[in-house]
Amino acid sequence: MITQPPVIELHGIGRRFGTDPPLEALVGVDLVVQRGEWLAIAGPSGSGKSTLLNILGLLDIQTAGSYRFNGIDVAGLRDQQRAGLRSRAIGFVFQAFHLIGHRSVLENVMLSDVYRKYPRRERNERARSALGQVGLSRRADYLPTRLSGGERQRAAIARAIMGSPRVLLCDEPTGNLDSGTTASILDLFAELNRGGLTIVTITHEADVAQRASRKLRIVDGRIEDPQ
């Protein structure tokens with residue numbers, strides 16, 4: 001029987017900025033995320049959460065240690081290969097929704113597939129399917145300015161999952177939302193996770209982290225023992 005590798009496997013990851021004196025943003029981070037997990041990484045501002053997320057999302061490169069994504073040693077990839085892997089396999093959800101105000105919700109979601117060179121009709125169908133998954137089918141032709149905060153985040157999630165990523169990386173995804181809307185977004189994450197999507201959420205909110213199936217804490221660039 002062939003065992004599939006973890007989606008994410010970090011060993012001794014470090015990230016240093018500057019030289020005089022250097023800032024050690026991450027120090028000796030070991031982390032394994034299995035397929036289908038929902039992991040929350042909590043910590044205060046400046047703890048290294050966003051730096052870690054940028055490395056996980058192939059937006060930045062560690063200065064120490066090794067990172068395997070779905071069994072691939074990403075250190076050996078060229079920039080174009082990293083970008084290709086990121087576009088195919090990783091979805092991102094941020095605190096700011098990053099929707100284009102003069103384009104419809106449907107067009108915003110379709111933009112996530114533009115670099116995959118699918119025909120427009122196929123991108124349209126895939127985008128409508130993603131909007132259906134997040135409960136926004138009836139808002140497809142709206143401009144983002146007509147949506148509530150929760151609906152904008154749902155549109156951003158639809159854009160992130162349109163390409164059927166292996167992992168969804170979420171950076172403070174409820175930071176701009178009220179408590180009721182936060183609960184509905186976390187319910188959506190739970191539904192996506194039950195469907196098999198691997199999710200990693202970075203947050204400073206304990207109640208958000210509590211919804212995940214596994215929780216870790218990062219302080220001063222180091223992962224603490226599980227809660």
Side-chain angles (χ1 to χ4, degrees), residues 4-10 31-43 49-60 67-72 74 82-99 105 108-113 115-116 126-127 129-136 149-177 181-205 208-216 218:
Q4 292 184 321
V7 179
I8 290 169
E9 193 170 7
L10 307 183
L31 177 65
V32 174
V33 181
Q34 302 291 347
R35 298 166 189 273
E37 275 198 278
W38 180 4
L39 171 66
I41 302 175
K49 301 189 304 298
S50 293
T51 300
L52 178 58
L53 190 84
N54 287 338
I55 290 174
L56 295 179
L58 307 180
L59 298 169
D60 193 12
Y67 175 19
R68 288 186 175 274
F69 181 89
N70 200 38
I72 300 170
V74 301
R82 290 169 63 87
L85 179 59
R86 183 170 60 244
S87 67
R88 292 191 309 271
I90 302 174
F92 294 90
V93 178
F94 299 100
Q95 179 175 346
F97 315 123
H98 299 307
L99 300 174
V105 170
N108 269 277
V109 176
M110 287 174 63
L111 283 172
S112 72
D113 244 4
Y115 296 111
R116 297 188 181 97
R126 286 158 58 85
S129 175
L131 287 169
Q133 282 186 263
V134 303
L136 274 188
E151 288 173 332
R152 292 183 196 184
Q153 193 60 294
R154 285 176 180 269
I157 294 168
R159 181 181 57 198
I161 66 174
M162 180 175 162
S164 301
R166 293 186 179 276
V167 61
L168 186 66
L169 299 179
C170 307
D171 189 2
E172 303 284 2
T174 59
N176 284 334
L177 306 177
T181 306
T182 290
S184 70
I185 293 298
L186 294 177
D187 287 343
L188 174 58
F189 284 153
E191 181 179 343
L192 294 170
N193 181 242
R194 286 194 295 270
L197 181 60
T198 305
I199 301 175
V200 178
T201 303
I202 300 294
T203 183
H204 68 275
E205 301 176 79
V208 172
Q210 195 63 36
R211 289 293 301 271
S213 56
R214 181 160 70 104
K215 298 173 288 296
L216 296 174
I218 186 169

Side chain to side chain, [X] and [Y], heavy atoms closer than 4.5 Å:
| X | Y | value |
| --- | --- | --- |
| V167 | V33 | no |
| E37 | P6 | no |
| I8 | Y67 | yes |
| V93 | Q153 | yes |
| M162 | S129 | no |
| L168 | F189 | yes |
| V200 | V7 | no |
| L31 | I41 | yes |

- Task: May I ask you to decide whether K49 forms a salt bridge with D171, counting only side-chain N to carboxylate O separations under 4.0 Å?
- Result: no

Tell me the closest heavy-atom pair linking [X] and [Y], and the distance in Å.
| X | Y | answer |
| --- | --- | --- |
| V109 | A155 | CG2-O, 3.8 Å |
| A89 | F69 | CB-CE2, 3.6 Å |
| P173 | I202 | CD-O, 3.9 Å |
| L56 | I90 | O-CD1, 3.8 Å |
| A209 | A42 | CB-CB, 4.3 Å |
| A158 | L131 | CB-CD2, 3.9 Å |

Do side-chain atoms of [X] reach the backbone of [Y] as a donor and acceptor pair under 3.5 angstrom?
| X | Y | value |
| --- | --- | --- |
| S112 | R159 | yes |
| E172 | H204 | yes |
| R86 | L58 | yes |

Separation between [atom1] of [X] and [atom2] of [Y], rounded to the nearest 0.5 Å:
| X | Y | atom1 | atom2 | value |
| --- | --- | --- | --- | --- |
| T203 | R211 | OG1 | CZ | 12.5 Å |
| L59 | T51 | CG | OG1 | 11.5 Å |
| L39 | C170 | CG | SG | 11.0 Å |
| I199 | L192 | CD1 | CG | 5.5 Å |
| E205 | Q210 | CD | CD | 13.0 Å |
| S184 | R154 | OG | CZ | 4.5 Å |

- Message: Just checking R82: does its CZ atom have more than 12 heavy atoms from other residues, nucleotides or ligands closer to it than 6.0 angstrom?
- Response: yes

- Task: Test side chain to side chain contact (heavy atoms under 4.5 Å, CB included) on R166 and R35 and set out the steps.
- Result: CA-CA 8 Å; R166 293 186 179 276; R35 298 166 189 273; 3.3 Å; yes

- Where do L136 and E151 land on the side chain to side chain contact (heavy atoms under 4.5 Å, CB included) test, with the steps shown first? CA-CA 7 Å; L136 274 188; E151 288 173 332; 4.0 Å; yes

- Item | Residues I185, I157; criterion side chain to side chain contact (heavy atoms under 4.5 Å, CB included); working and verdict | CA-CA 9 Å; I185 293 298; I157 294 168; 4.1 Å; yes

